[in-house]
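Report on the following structure.
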Amino acid sequence: MVAEHVELALFEQSLGNREGLHQPFGDRVADAAEKTAGSVLFDVRVDGDICVQRMAGIGYGETGTAIIVMEKSGQLRCASINGDTALLVAELAAWDASPLSEQARGEHRGTAIILLARLRGSGHFAPFPAG
């Protein structure tokens, strides 16, 4: 378990700002995916959530998936997820990979909110910062 926490901490560091410059969320996720030999599965806005404004998934084949959220404060958090969210991740990945014309007609917000709720239910991304 400790090794997983260390890996997540290192992963979060790879998402950090470079030289004080704030890169766009999508660029930071893509850079982290490249540096960790993963692939970006999706990058979506999370409208209506009290704390989170963006969420992305990076896939690592059989190893699993990392979910990155950007809080409204701009802080990034990440977590490894398990198989019970695979269908939701696949739905978001399919939406993200579809042409813009289909994205405009499709709905991803509900899926993103459900995924975020499941992650919170398993102890990730608390709706309010600890303080």
Side-chain angles (χ1 to χ4, degrees):
M1 186 64 115
V2 174
E4 288 178 1
H5 288 110
V6 171
E7 285 179 15
L8 285 175
L10 292 173
F11 186 72
E12 286 182 291
Q13 287 175 3
S14 76
L15 294 171
N17 293 329
R18 290 191 191 115
E19 300 168 5
L21 300 174
H22 294 282
Q23 291 183 311
F25 178 72
D27 291 350
R28 293 166 75 181
V29 170
D31 183 57
E34 181 181 330
K35 286 180 177 177
T36 58
S39 60
V40 177
L41 302 174
F42 64 87
D43 175 359
V44 298
R45 295 188 66 77
V46 182
D47 296 322
D49 189 78
I50 194 164
C51 292
V52 173
Q53 63 178 326
R54 297 282 295 269
M55 178 170 38
I58 299 177
Y60 296 96
E62 297 298 316
T63 305
T65 302
I67 300 293
I68 300 100
V69 298
M70 181 171 69
E71 296 177 345
K72 293 195 176 182
S73 67
Q75 184 173 358
L76 300 181
R77 300 200 179 271
C78 66
S80 296
I81 61 170
N82 55 30
D84 69 340
T85 56
L87 182 60
L88 297 168
V89 169
E91 286 180 29
L92 289 171
W95 179 86
D96 193 67
S98 65
L100 287 177
S101 60
E102 289 181 32
Q103 285 183 5
R105 289 181 293 204
E107 177 59 40
H108 76 282
R109 288 182 298 195
T111 304
I113 292 294
I114 292 168
L115 176 57
L116 188 56
R118 287 205 184 157
L119 289 167
R120 285 178 172 149
S122 65
H124 301 289
F125 312 132
F128 297 102

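We count residues from 1, following the sequence as given. These values consider heavy atoms only, across backbone and side chains, with no hydrogens, waters or symmetry-generated copies.
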Distance-only check: which donor-acceptor pairs under 3.5 Å involve side-chain atoms of residues 40-48, not counting sequence neighbours?
residue : atom : partner : partner atom : Å
Asp43   : OD1  : Arg54   : NE           : 3.3
Asp43   : OD1  : Arg54   : NH2          : 2.7
Asp43   : OD2  : Arg54   : NH2          : 2.9

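- Distance check: Arg77 CZ to Ile67 CD1 gives 15.5 Å after rounding to the nearest 0.5 Å.
- To the nearest 0.5 Å, atoms CD (Gln103) and OG (Ser98) are separated by 4.5 Å.
- Listed by first then second residue, pairs satisfying ring-ring contact (aromatic ring centres under 6.0 Å, His included) with a partner in residues 82-109 read Trp95-His108, not counting sequence neighbours.
- In terms of heavy-atom proximity, Cys78 sits nearest to Ile68 at CB-CG1, 4.0 Å.
- Nearest heavy atoms, Tyr60 versus Ala66: CE1-CB, 4.1 Å.
- Between Val69 and Leu119 the shortest side-chain heavy-atom distance does not fall below 4.5 Å.
- Remark: Arg109 pairs with Glu107 by the side chain to side chain donor-acceptor pair (under 3.5 Å) rule, at least two apart or across chains.
- Rounding to the nearest 0.5 angstrom, the gap separating the CG atom in Asp49 from the CG atom in Leu116 is 5.0 Å.
- In terms of the side chain to side chain contact (heavy atoms under 4.5 Å, CB included) criterion, residue partners of Leu87 (sequence neighbours excluded) are, by chain and number, Glu91.
- To the nearest 0.5 angstrom, Met55 atom CE is 9.0 Å from Thr111 atom OG1.
- A pairwise comparison of heavy atoms in Val52 and Arg120 identifies CG2-NH2, 3.7 Å as the closest pair.
- We find the CD-CG distance between Glu102 and Leu100 to be 10.0 Å, quoted to the nearest 0.5 Å.
- Residue pairs meeting the salt bridge (charged side-chain N to carboxylate O under 4.0 Å, His left out) criterion with at least one member in residues 80-89, sequence neighbours excluded, do not occur.
- Qualifying side chain to side chain contact (heavy atoms under 4.5 Å, CB included) partners for Glu34, counting only residues two or more places apart in sequence or in other chains: none.
- Between Met70 atom CE and Gln53 atom CD the span is 3.5 Å, to the nearest 0.5 Å.
- Residues passing the side chain to side chain contact (heavy atoms under 4.5 Å, CB included) test with Ser101, sequence neighbours excluded: Pro99, Arg105.
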